[in-house]
Structure formats: structure tokens, C-alpha cells
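Reviewing the structure listed below.
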Amino acid sequence: MTNGIAYDFIQVANDALSVVINRDNPITCLTVAQVSQIWDEGSTVTTWGDVDGLDLPAAFAATPVALYGPGTDSGTFDFFTDEINGESGRINTTYTDIGEDDTAAVVGVSGTPGGMGFIPFSYYQETKDQVKGVAIDDGNGCVEPTPENVLGLTYTPLGRGLFTYFSDVALAKPETVAFGEFVLDNAIEIAALAEFVPMTAEQIEVQRAK
């Protein structure tokens, strides 16, 4: 219950956040610890050579890191900081706040050799010709930000579900239940149209039972 309102929810699609860098950056994979070293509050990283454990060409190691990300009102911001830095809202305060404009993050990263940002996976799929998605290693090896890996739940810890929420008052109405059933009946098509990763048949059946 939040603010005195009881609620429940169903999952409607799979999604993720993607860590993106400039396409000329030689890096292909970062560990969760390395991403946190860059983005955490109080970070002392100023160049790519400051990041622990990276084997970089000397010329690129001196390249300044330039960070772009959404503002504090964004669910993307909350999810990323919680999963990467261990606390929602905890972040390197030197980053450029692009508000809710993911396009600004892509423009900043693509136009800056040392640029780095985090954006919704669906938007990364639209802009792969402009930025490079970084594979993430959570301790089990590098996993690329692909639809297959998001669907297979191996793109961790940045994979996530997308949900529709209903208040208890709304759930008492048959038309609300009918709407939820409609969403699940058409979940694959809706997710594809919205450029999210559709749920598996098994995921849909779990939500339908709920």
C-alpha cells in the first residue's frame, strides 16, 4: 500500500537499461564494479585510464570521461542507481542531467569521444548506429544488451520487467479485469509495437493466472 492506496500489478513486457558509450571507444565490456566506479557518488574517475582493470591504448586512456543521464525524477535514474550503486539516487554528481530527453544522452555520447550514458534498452535499439552498447559482466561473464539476453534474463542486473498497476478499487470493476486480460491476450504484439521485448508464453501464463 502506498499513500493509503492498495494496488496490484501484472507484468506486460520485458525491458532493460543499456549502458552506452561513443562508438570509437575501444571498450566492449565493463563489470558492474567498473560501471559503479564511474557512476557512484564521490567517484574519482576523470579519464578512462582511471577505471580499474581496463587494458586501453595509451592515447585513449587519457580521454576524459563525460557522463550523460536522466534526472532524479526518472524511473530510469532510480533503477540504474539502485542496481549499480546500491542505493536509489546515489550518483556521481558531475554527470550531465538530460532530464527526460534520452535523445540528448545519445547526442552527448555520440558527440564526445569519452562519452558514456544509460538509456532505456528500447531506445538503444533505435540508436545503435549512433552509440555502442556495452556488455555487462555481473560476475558470470560479459553479456551483451540484446533482445535474446534480455528475454533470457541473463542481462543482469540491468534487465527488468515492465508492469501495469491497478488500484484495489479499480480491480473490483469487471472492466478493469477485462482490460488486463486484453493486454495479456495481445502482449506480444503490444510489446513489439512499443519496441520492448515481448514476454515468453510462460511469462504470459503466469500473469494470466495472477
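- Electrostatic pairing of Arg208 and Asp185 counts as a salt bridge here, judged by a charged N lying under 4.0 Å from a carboxylate O.
- Summarising the geometry, atom CG belonging to Asp24 is positioned 11.5 Å from atom OG1 belonging to Thr112; distances are rounded to the nearest 0.5 Å.
- Side chain of Tyr68 to main chain of Phe118: no donor-acceptor pair is present (N/O by atom type, distance under 3.5 Å, no hydrogens or angles).
- Here the closest non-hydrogen pair linking Val109 and Ile21 is CG1-C, 3.3 Å.
- Under the 4.5 Å side-chain contact rule for hydrophobic residues, Phe179 and Leu184 share a cluster.
- No more than 12 heavy atoms of other residues, nucleotides or ligands shown are found within 6.0 angstrom of CG on Asp55.
- The shortest heavy-atom contact between Val35 and Ile84 is CG1-CG2, 3.8 Å.
- With hydrogens and angles disregarded, a donor-acceptor distance shorter than 3.5 Å links the side chain of Gln203 to the backbone of Thr200.
- Taking both residues in full, the closest heavy atoms of Gly49 and Leu56 are given as N-CD1, 4.2 Å, listed atom of the first, atom of the second, then distance.
- Taking hydrophobic clusters as Ile, Leu, Val, Met, Phe, Trp and Tyr residues chained together by side-chain heavy-atom distances below 4.5 Å, Ile204 does not share a cluster with Ile190.
- One finds the OG1 atom of Thr154 at 4.0 Å from the CG atom of Asn149 (value rounded to the nearest 0.5 Å).
- Contact check for Thr103 versus Val106: no side-chain heavy atoms found under the 4.5 Å cut-off.
- Within the model, atoms CZ of Phe196 and OG of Ser122 stand 4.5 Å from one another, a figure rounded to the nearest 0.5 Å.
- Applying the salt bridge (Lys or Arg N to Asp or Glu O under 4.0 Å) test to residues at least two apart or on different chains, the pairs with a partner in residues 88-104 are Asp40-Arg90, Glu41-Arg90.
- With hydrogens and angles disregarded, no donor-acceptor distance shorter than 3.5 Å links the side chain of Glu205 to the backbone of Glu202.
- Thr46 is not listed as a side-chain neighbour of Val65, based on a closest heavy-atom distance of 4.5 Å or more.
- Checked by atom type and distance alone, the side chain of Lys132 pairs as donor or acceptor with a backbone atom of Asn25 at under 3.5 Å.
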- Message: Using side-chain contact (heavy atoms from CB on, under 4.5 Å), reason through Leu17 and Thr76 one step at a time and then give a plain yes or no.
- Response: CA-CA 7 Å; Leu17 297 186; Thr76 297; 3.5 Å; yes
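- Put simply, the side chain of Ser18 does not reach to within 4.5 Å of the side chain of Gln125, judged on heavy atoms.
- Considering all non-hydrogen atoms of both residues, Gly159 and Phe79 come closest at O-CZ, 3.6 Å.
- Val20 has its side chain within reach of Tyr124: a pair of non-hydrogen atoms, C-beta onward, lies under 4.5 Å apart.
- Val45 and Ile27 fall within the same hydrophobic cluster, where Ile, Leu, Val, Met, Phe, Trp and Tyr residues are linked whenever their side-chain heavy atoms come under 4.5 Å apart, directly or through other members.
- Here Thr127 contributes atom OG1 and Tyr123 contributes atom OH; the two are 5.5 Å apart, rounded to the nearest 0.5 Å.
- Between Leu171 and Val177 the shortest heavy-atom distance is O-CG2, 4.0 Å.
- In terms of hydrophobic clustering, with Ile, Leu, Val, Met, Phe, Trp and Tyr side chains grouped at heavy-atom distances under 4.5 Å, Ile91 and Val51 are assigned to a common cluster.
- Taken from CG in Leu30 to CD1 in Ile136, the straight-line distance is 6.0 Å, to the nearest 0.5 Å.
- A donor-acceptor pair under 3.5 Å is formed between the side chain of Asp137 and the backbone N or O of Gly141.
- By the neighbour-count criterion of 12 heavy atoms within 6.0 Å, atom OH of Tyr165 is densely surrounded, having more than that number from other residues, nucleotides or ligands.
- Under a 3.5 Å cut-off, the side chain of Lys210 and the backbone N or O of Phe9 do form a donor-acceptor pair.
- Interatomic distance, Ile188 CD1 to Leu193 CG, rounded to the nearest 0.5 Å: 12.0 Å.
- Two residues are said to be in side-chain contact when any heavy atoms from C-beta on lie closer than 4.5 Å; Thr44 and Asp50 fail this criterion.
- No side-chain donor-acceptor contact under 3.5 Å links Trp48 to the backbone of Phe60.
- At a threshold of 4.5 Å between non-hydrogen side-chain atoms, the residues Pro157 and Val32 count as touching.
- Distance alone, capped at 3.5 Å, places no donor-acceptor pair between the Ser43 side chain and the Trp39 backbone.
- The number of heavy-atom neighbours closer than 6.0 Å to CD of Gln130, taken from other residues, nucleotides and ligands shown, is above 12.
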- Query: Under the side-chain contact (heavy atoms from CB on, under 4.5 Å) criterion, do Tyr7 and Asp168 qualify, and how do the steps go?
  - Reply: CA-CA 5 Å; Tyr7 62 89; Asp168 58 342; over 6 Å; no
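- Asn14 places a side-chain N or O within 3.5 Å of a backbone atom of Pro198 that can act as its donor or acceptor partner.
- Between Asn22 and Ser110, the closest heavy-atom pair is ND2-O, 3.1 Å.
- At a threshold of 4.5 Å between non-hydrogen side-chain atoms, the residues Phe80 and Leu158 count as touching.
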- Task: Apply side-chain contact (heavy atoms from CB on, under 4.5 Å) to the pair Phe166 and Thr164, showing each step before the final yes or no.
- Result: CA-CA 7 Å; Phe166 306 94; Thr164 292; 3.5 Å; yes
- Task: For the pair Gln11 and Leu162, evaluate side-chain contact (heavy atoms from CB on, under 4.5 Å) and give the outcome as yes or no after the intermediate values.
- Result: CA-CA 6 Å; Gln11 183 175 348; Leu162 293 179; 5.8 Å; no
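- Here the side chain of Asn92 pairs a donor or acceptor atom with the backbone of Ile38 at under 3.5 angstrom.
- In this structure, Thr146 and Tyr155 have side chains that are not in contact, with every pair of non-hydrogen atoms separated by 4.5 Å or more.
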